[in-house]
Novice: 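Input: one structure, supplied below.
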Amino acid sequence: MRNLLEEFNTYYGIRRPTILGVRENIFTGSVSSLAWFMSAQETSFVTLGQRVLANPLKVRMHYGHPDVFDRFWFLSRGGVSKASRVINISEDIFAGFNCTLRGGNVTHHEYIQVGKGRDVGLNQVSMFEAKVASGNGEQVLSRDVYRLGHRLDFFRMLSVFYSTVGFYFNSMVIVLTVYAFVWSRLYMALSGIEENIMNSATNNKALGAVLNQQFVIQLGLFTALPMIVENSLEHGFLPAIWDFLTMQLQLASLFYTFSLGTRSYFFGRTILHGGAKYRATGRGFVVGHKSFAENYRLYSRSHFVKAIELGVILIVYASHSAIAKNTLVYILMTISCWFLVVSWIMSPYVFNPSGFDWLKTVYDFEDFMNWIWYPGGVFNKAEQSWEAWWYEEQDHLKTTGIWGKMLEIILDLRFFFFQYGIVYQLGIAGNSTSIAVYVLSWVYMVVVVAIYVILAYAQDKYATKDHMYYRLVQFLVIFVTVLVIVLLLEFTSFKFIDLLTSTLAFIPTGWGIILIAQVLRPFLHSTIVWDTVVSLARLYDLLFGVIVMAPVAMLSWIPGFQSMQTRILFNEAFSRGLQISQILSGKKYV
């Protein structure tokens with residue numbers, strides 16, 4: 001430490017250092033495969049990354065690591081405390097910004113290292129990444145980054161961009177590119193453009209096969225590149241390659257793709273609406289089983305809903321695309337998008353200890369259903385009641401401005417395109433391109449909502465006392481629905497498959513209406529419409545929960561899958577002969 005402090009007397013360039021940076025040793029990597037991925041990613045940043053940022057790039061800031069500050073220099077330049085707990089939520093890097101703007105010098109030294117424990121559970125890791133991504137969203141809006149962009153020379157400016165907000169901006173652009181790709185493909189398939197191109201061009205199949213391959217490179221596989229470089233420097237090239245291959249076998253790509261979703265969602269949401277907040281991860285040694293309901297609360301809006309949306313688009317595209325008739329071309333063209341869908345839905349359960357234990361899965365589903373149907377109230381917490389959680393999830397819409405609300409509504413309009421595209425593909429439309437088909441589909445939508453409202457009203461009024469009336473209403477609704485379907489089958493060109501196809505069209509429309517209603521909540525909250533919105537939103541969350549639970553339940557039912565998952569997750573503990581049954585049982589030891 002004495003030698004390190006002597007560095008304050010040495011000139012680096014034209015100035016003495018004002019922040020001395022030191023490297024870290026992440027020692028929690030052996031807890032589980034997940035902790036290993038996190039510590040490997042972090043190690044490459046706190047060693048190789050910061051070494052390069054300090055010299056030759058000269059853009060190293062302060063990242064909350066064990067750096068040494070020149071206290072007197074900082075006290076005479078405004079100190080290190082920050083004014084806002086929202087904009088300055090990543091308070092550590094703002095110390096680096098201030099230091100650079102005021103003529104300071106940040107260096108990095110390798111002859112001392114400080115031990116550090118990182119988060120070891122997926123929920124902790126995700127909350128930490130959400131906090132950092134939100135913090136980067138606020139940095140984009142801050143005057144410190146604005147001033148740095150104006151005052152640094154071109155090359156240092158690019159280095160600052162890539163090492164701070166640029167990394168998160170690129171993550172968001174990658175996810176938006178996937179969205180743009182699948183939505184434009186869907187549009188081409190449903191509008192008939194794709195078929196015309198197929199008929200007029202001879203090499204379109206080859207084009208379709210190679211079009212999507214760059215996503216494989218971007219979606220997490222090569223996020224590990226800095227780790228390979230760092231490991232090859234410290235341990236040698238062959239051990240680094242071996243570690244990389246071991247990571248891939250332990251499903252590292254699944255984790256890094258999942259992290260990509262976390263970063264892009266919270267970064268984008270903060271830029272749109274602001275309202276970043278500190279997320280207490282606890283930093284504890286947490287490797288216990290997390291319930292399905294807890295995972296759903298944490299990842300529903302950021303991962304599950306987005307993955308289900310992409311999955312529905314890919315399924316609709318497969319059924320209506322001319323190119324997708326060739327199975328190989330379809331697989332080559334959409335494999336990375338499907339990988340994104342699988343990783344966003346399955347990662348919280350793959351990296352959850354005892355995530356595929358059949359009994360735990362059954363208990364988790366019961367717990368989830370109790371949480372969904374638990375009545376809301378003023379004093380209920382999000383962990384107890386779905387309604388309290390649902391209102392909490394809309395908090396960012398309270399703080400946003402008029403532009404944020406308008407952009408949110410414009411983004412939500414994409415869900416109406418499903419309906420517009422698919423209704424013209426139904427057999428009952430009879431290949432008509434008239435706007436009347438689309439208008440009639442909205443009439444159908446209104447009728448479905450009206451039936452739901454009638455049933456909900458009948459349940460409230462008659463279900464407890466006059467249950468015979470309630471059964472009568474149910475019978476009449478079912479009878480009329482079946483009669484209408486039979487009449488349509490008999491007297492029109494309606495096909496039975498149209499029922500399934502129209503479901504894929506109208507469910508996204510309903511979700512879009514709910515999202516827009518959430519933005520317009522100040523106007524709708526006191527009206528009768530709001531109760532219908534809340535009850536429909538509850539049904540949608542129930543549907544999403546069942547969709548996410550289905551593959552988890554199926555894998556839990558397969559014998560031996562749980563022990564394989566445990567082996568993948570705790571391989572290092574097994575190889576060192578540790579007994580992890582006590583850890584998995586969730587008991588707490590002091």
Novice: When the ring centroid of Trp373 is compared with that of Trp386, is the distance short of 6.0 Å?
Specialist: no

Novice: Does any part of the side chain of Val145, heavy atoms only, come nearer than 4.5 Å to the side chain of Phe161, both counted from C-beta?
Specialist: no

Novice: Hey, are His273 and Thr399 close enough side-chain-wise for a donor-acceptor pair under 3.5 Å?
Specialist: no

Novice: Enter the distance from Asp395:CG to Thr400:OG1 here, rounded to the nearest 0.5 Å.
Specialist: 12.5 Å

Novice: Start with the C-alpha gap between Val533 and Ile513, add the side-chain angles, then the distance that decides, and say whether side-chain contact (heavy atoms from CB on, under 4.5 Å) holds.
Specialist: CA-CA 9 Å; Val533 170; Ile513 290 170; over 6 Å; no

Novice: Test your reading of the model: is there a side-chain donor-acceptor pair from Ser291 to the backbone of Glu294, 3.5 Å cut-off?
Specialist: yes

Novice: What's the shortest heavy-atom distance between Ser385 and Pro375, and which atoms?
Specialist: OG-O, 3.9 Å

Novice: Determine the interplanar angle of the Trp371 and Phe368 rings, folded into 0 to 90°, and report it as parallel if under 30°, tilted if 30 to 60°, perpendicular if over 60°.
Specialist: tilted

Novice: Does the ring centre of Phe292 sit less than 6.0 Å away from the ring centre of Tyr349?
Specialist: yes

Novice: How many angstroms lie between OG1 in Thr361 and CG in Leu555, if you round to the nearest 0.5 Å?
Specialist: 9.5 Å

Novice: Tyr296 vs Asp541, test: side chain to side chain donor-acceptor pair (under 3.5 Å). Steps then yes/no.
Specialist: CA-CA 9 Å; Tyr296 186 83; Asp541 271 313; 2.6 Å; yes

Novice: To check you understand the geometry: which heavy-atom pair defines the closest contact between Ile372 and Leu542, and what is its length?
Specialist: CD1-N, 4.1 Å

Novice: Gly355 and Gln565: which non-hydrogen atoms are nearest, and at how many Å?
Specialist: N-OE1, 3.6 Å

Novice: Do Phe258 and Tyr299 have their ring centres less than 6.0 Å from each other?
Specialist: yes

Novice: As a quick check of understanding, evaluate side-chain contact (heavy atoms from CB on, under 4.5 Å) for Leu310 and Cys337, giving each step before the final call.
Specialist: CA-CA 8 Å; Leu310 289 173; Cys337 296; over 6 Å; no

Novice: Pairing donors with acceptors under 3.5 angstrom, does anything connect the side chains of Thr270 and Glu138?
Specialist: no

Novice: Can you tell me how far CD1 of Ile308 sits from CZ of Phe304, rounded to the nearest 0.5 angstrom?
Specialist: 8.5 Å

Novice: Using the ring centroid of each side chain, check whether Trp511 and Phe544 are separated by less than 6.0 Å.
Specialist: yes

Novice: Distance from Glu230 atom CD to Asp243 atom CG, nearest 0.5 Å?
Specialist: 11.5 Å

Novice: Measure the shortest side-chain to side-chain distance between Leu254 and Phe339 over non-hydrogen atoms and say whether it is less than 4.5 angstrom.
Specialist: yes

Novice: Does Met61 offer a backbone N or O that forms a donor-acceptor pair with the side chain of Tyr63 under 3.5 Å?
Specialist: yes

Novice: Side chains of Val120 and Met38, heavy atoms from C-beta outward: is any pair under 4.5 Å?
Specialist: no

Novice: Any salt bridge (charged side-chain N to carboxylate O under 4.0 Å, His left out) involving residues 23-33? Give me the pairs, sequence neighbours left out, ordered by first then second residue.
Specialist: Arg23-Glu110, Arg23-Glu234, Glu24-Lys116

Novice: If you look at every heavy atom in Gly135 and Ile89, which pair is closest and at what distance?
Specialist: CA-CG2, 3.4 Å

Novice: Going by distance alone, is a donor N or O of one side chain under 3.5 Å from an acceptor N or O of the other, for Asp364 and His289?
Specialist: yes

Novice: Is it true that atom CZ of Arg85 has more than 12 heavy atoms of other residues, nucleotides or ligands lying nearer than 6.0 Å?
Specialist: no

Novice: Do the side-chain N and O atoms of Thr262 and Glu129 include a donor-acceptor pair separated by under 3.5 angstrom?
Specialist: no

Novice: Are the side chains of Trp389 and Lys381 in contact, using a 4.5 Å heavy-atom criterion?
Specialist: no

Novice: Quick check against the 3.5 Å criterion: does Ser171 have a side-chain atom that pairs as donor or acceptor with the backbone of Phe167?
Specialist: yes

Novice: So, taking the atom named OG in Ser33 and the one named CZ in Phe37, what distance separates them when rounded to the nearest 0.5 Å?
Specialist: 4.5 Å

Novice: Counting N and O atoms only, with roles assigned by atom type, does the side chain of Asn370 sit under 3.5 Å from a partner on the main chain of Glu366, one being a donor and the other an acceptor?
Specialist: yes

Novice: Between the side chain of Ser347 and the main-chain N/O of Trp344, is any donor-acceptor distance below 3.5 Å?
Specialist: no

Novice: Hey, are the side chains of Gln139 and Ile87 touching, using non-hydrogen atoms and a 4.5 Å cut-off?
Specialist: no

Novice: Do Ser264 side-chain atoms and Gly261 backbone N/O form a donor-acceptor pair below 3.5 Å?
Specialist: yes

Novice: Is the shortest distance from a Lys or Arg side-chain nitrogen in Arg414 or Glu309 to a carboxylate oxygen in the other one below 4.0 Å?
Specialist: yes

Novice: Indicate whether the side chain of Asp67 and that of His62 have a donor and an acceptor atom separated by less than 3.5 Å.
Specialist: yes

Novice: If we ignore hydrogens and angles and just use 3.5 Å, is the side chain of Glu383 paired with the main-chain N or O of Ala293 as donor and acceptor?
Specialist: no

Novice: Below 6.0 angstrom between ring centroids: does that apply to Phe418 and Phe506?
Specialist: no

Novice: So which atom in Phe266 and which in Ser302 form the shortest heavy-atom distance, rounded to 0.1 Å?
Specialist: CE1-CB, 4.3 Å

Novice: Would you say the side chain of Tyr391 lies within less than 4.5 Å of the side chain of Arg521, judging by non-hydrogen atoms?
Specialist: yes

Novice: Examine distances only and state if a side-chain atom of His396 and a backbone atom of Glu393 form a donor-acceptor pair shorter than 3.5 Å.
Specialist: yes

Novice: What I'd like to find out is whether the side chain of Trp390 reaches to under 4.5 Å of the side chain of Gln518, using heavy atoms alone.
Specialist: yes

Novice: Crowded around Phe237 CZ? As in, over 12 foreign heavy atoms under 6.0 Å?
Specialist: no

Novice: Does atom OH (Tyr452) have a neighbourhood of more than 12 heavy atoms from anything else shown, all under 6.0 Å?
Specialist: yes

Novice: Is there a donor-acceptor pair under 3.5 Å between the side chain of Lys290 and the backbone N or O of Asn123?
Specialist: no

Novice: With heavy-atom distances below 4.5 Å as the criterion, would you say the side chains of Met554 and Pro551 are in contact?
Specialist: no

Novice: Do the side-chain N and O atoms of Thr246 and Gln250 include a donor-acceptor pair separated by under 3.5 angstrom?
Specialist: no

Novice: Yes or no on side-chain contact (heavy atoms from CB on, under 4.5 Å) for Ile19 and Val68, after CA distance, side-chain angles and deciding distance?
Specialist: CA-CA 6 Å; Ile19 298 178; Val68 183; over 6 Å; no

Novice: Closest heavy-atom contact between Asn136 and Ser90?
Specialist: N-OG, 4.4 Å

Novice: Measuring from Met564:CE to Ile568:CD1, what's the distance to the nearest 0.5 Å?
Specialist: 5.0 Å

Novice: Can you confirm whether more than 12 heavy atoms, excluding those of Trp338, are under 6.0 Å from its CH2 atom?
Specialist: yes

Novice: Start with the C-alpha distance between Phe169 and Val140, add both sets of side-chain angles, then the distance that settles side-chain contact (heavy atoms from CB on, under 4.5 Å), and finish with yes or no.
Specialist: CA-CA 10 Å; Phe169 181 75; Val140 173; over 6 Å; no

Novice: Return yes if some donor-acceptor pair links the side-chain N/O of Asp357 with the main-chain N/O of Lys360 below 3.5 Å, else return no.
Specialist: yes

